[in-house]
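Right, one structure below, let's go through it.
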Amino acid sequence: MNQTMRVKRKARVETSVCVACGCCVKVCPMGALSISDGIYAKVDDSACVGCGKCAKECPASVISIEEVTA
Amino acid sequence: MKKRWYDDLWIASLLYLVLGFFNILFAWLGLLCFFIPLLIAAIGGNKGYCNRYCGRGQLFGLLGGRFGLSRRRDIPRWMKSKWFRYGFLIFFFAMFFQMLWNTYLVFAGAQDLKQVVTLLWTFRLPWHWAYHGTLLHPGVAQFAFGFYSVMLTSTVLGLLTMVLFKPRSWCVYCPMGTMTQLICKAKHPNTRS
């Protein structure tokens with residue numbers, strides 16, 4: 001089978017500078033984000049569609065949208 | 001997304017500032033914004049307050065977001081660094097304890113009640129219309145003036161960074177946010193960031 005490599009866009013959190021405010025959680029339309037133990041934001045890759053709303057909202061600008069091959 | 005009851009808590013934050021303009025004793029209610037996040041962090045081990053209930057953050061989100069009063073630029077890197085966030089927390093604490101000390105002096109009778117709101121730890125705004133004398137000790141009013149100063153100062157700082165950077169950039173260096181995150185880190189030593 002000739003499978004083409006799909007490039008998907010996913011949100012990535014720079015957790016060491018995340019302040020866990022939860023702005024990204026509120027704005028995510030897919031419910032893909034959660035605050036892990038009140039320390040940093042975590043992305044559920046299976047739910048993230050890479051729309052970038054969280055990256056735009058993040059007050060600390062610690063979320064980026066990266067292309068990953070799946 | 002479904003709207004929850006707590007999505008309108010920005011009204012409470014706004015109301016707090018308005019009420020304190022008319023009667024300074026309402027400033028005491030601000031203690032809720034101190035104790036609730038700390039209790040949630042200490043007992044629940046999460047930042048539920050920041051994540052859901054913080055009216056201050058919602059207010060900035062509304063003004064900077066829907067009302068467009070924000071340039072929506074990235075916050076400078078140093079402002080999200082640990083030394084700045086922890087440094088600001090320590091500074092905030094120092095100012096807070098100085099305020100408590102002034103309150104103590106009034107309670108002890110060593111100092112008279114000063115009916116001023118100190119903005120940005122420097123500027124003394126007249127605020128005498130908000131206090132009419134009560135059956136309570138003047139120290140009770142002194143704490144209210146001091147606490148309202150803390151709340152107004154942090155609101156002004158938050159508004160400033162809201163305009164300059166992203167709407168909720170106050171959340172990056174909010175002392176309560178930093179403190180609750182530290183509590184959560186202590187409670188979950190195995191969660192690495």
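Here is the naming used below: chain letters follow the sequence lines, and residue numbers restart at 1 for every chain.
Proximity to chain B is limited to the backbone of A/Ala55, based on heavy atoms less than 4.5 angstrom apart. For B/Arg85, the part sitting under 4.5 Å from any heavy atom of chain A is the side chain, from C-beta outward, and nothing else.
Within the 4.5 Å cutoff, the side chain of A/Ser36 has heavy atoms near those of the B/Thr191 side chain.
Remark: the backbone N or O of A/Cys58 is paired with a side-chain donor or acceptor of B/Lys166 at under 3.5 angstrom. Checked by atom type and distance alone, the side chain of B/Lys187 never pairs as donor or acceptor with a backbone atom of A/Asp37 at under 3.5 Å. For the pair B/Asn51 (side chain) and A/Cys21 (backbone), a donor-acceptor distance under 3.5 Å is present. Between the side chain of B/Lys80 and the main chain of A/Val17, no donor-acceptor pair closer than 3.5 Å is present. For the pair A/Lys56 (side chain) and B/Arg72 (backbone), a donor-acceptor distance under 3.5 Å is absent. When atom types are taken as modelled, the side chain of B/Lys47 and the backbone of A/Tyr40 share no donor-acceptor pair closer than 3.5 angstrom. Distance alone, capped at 3.5 Å, is enough to place a donor-acceptor pair between the B/Gln181 side chain and the A/Cys18 backbone.
Linking Ile, Leu, Val, Met, Phe, Trp and Tyr residues whenever their side-chain heavy atoms come within less than 4.5 Å leaves B/Leu32 and B/Ile43 in two separate clusters. The hydrophobic cluster containing B/Phe60 does not contain A/Val62, counting ILVMFWY residues as joined when their side-chain heavy atoms lie under 4.5 angstrom apart, directly or transitively. B/Phe145 and B/Tyr104 are assigned to two separate hydrophobic clusters, defined by single-linkage of ILVMFWY side chains at heavy-atom distances under 4.5 Å. Connection of B/Met176 to B/Phe92 is established within a shared hydrophobic cluster, with ILVMFWY side chains joined at heavy-atom distances below 4.5 Å, either directly or through further cluster members. Clustering ILVMFWY residues whenever any of their side-chain heavy atoms sit less than 4.5 angstrom apart, transitively, puts B/Tyr16 in the very cluster that holds B/Ile24.
Interatomic distance, CD1 of A/Ile39 versus CD1 of B/Ile183, reported as 12.0 Å (0.5 Å rounding).
Residues from residues 46-53 of chain A never place a non-hydrogen atom less than 4.5 Å from a non-hydrogen atom of chain B.
With chain A as the partner, the residue from B/Cys174, B/Cys171, B/Ala41, B/Gly61 showing the most heavy-atom pairs under 4.5 Å is B/Cys171. In terms of heavy-atom pairs under 4.5 angstrom with chain A, the leader among B/Asp7, B/Thr178, B/Ile75, B/Leu182 is B/Ile75. Heavy-atom pairs under 4.5 Å with chain B peak, among A/Gly22, A/Cys23, A/Ala60, at A/Ala60.
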Donor-acceptor contacts, no H, no angles, side chain residues 105-126 of chain B, under 3.5 Å, sequence neighbours left out:
{"unit_1": "B/Thr122", "atom_1": "OG1", "unit_2": "B/Leu120", "atom_2": "O", "d": "2.8"}

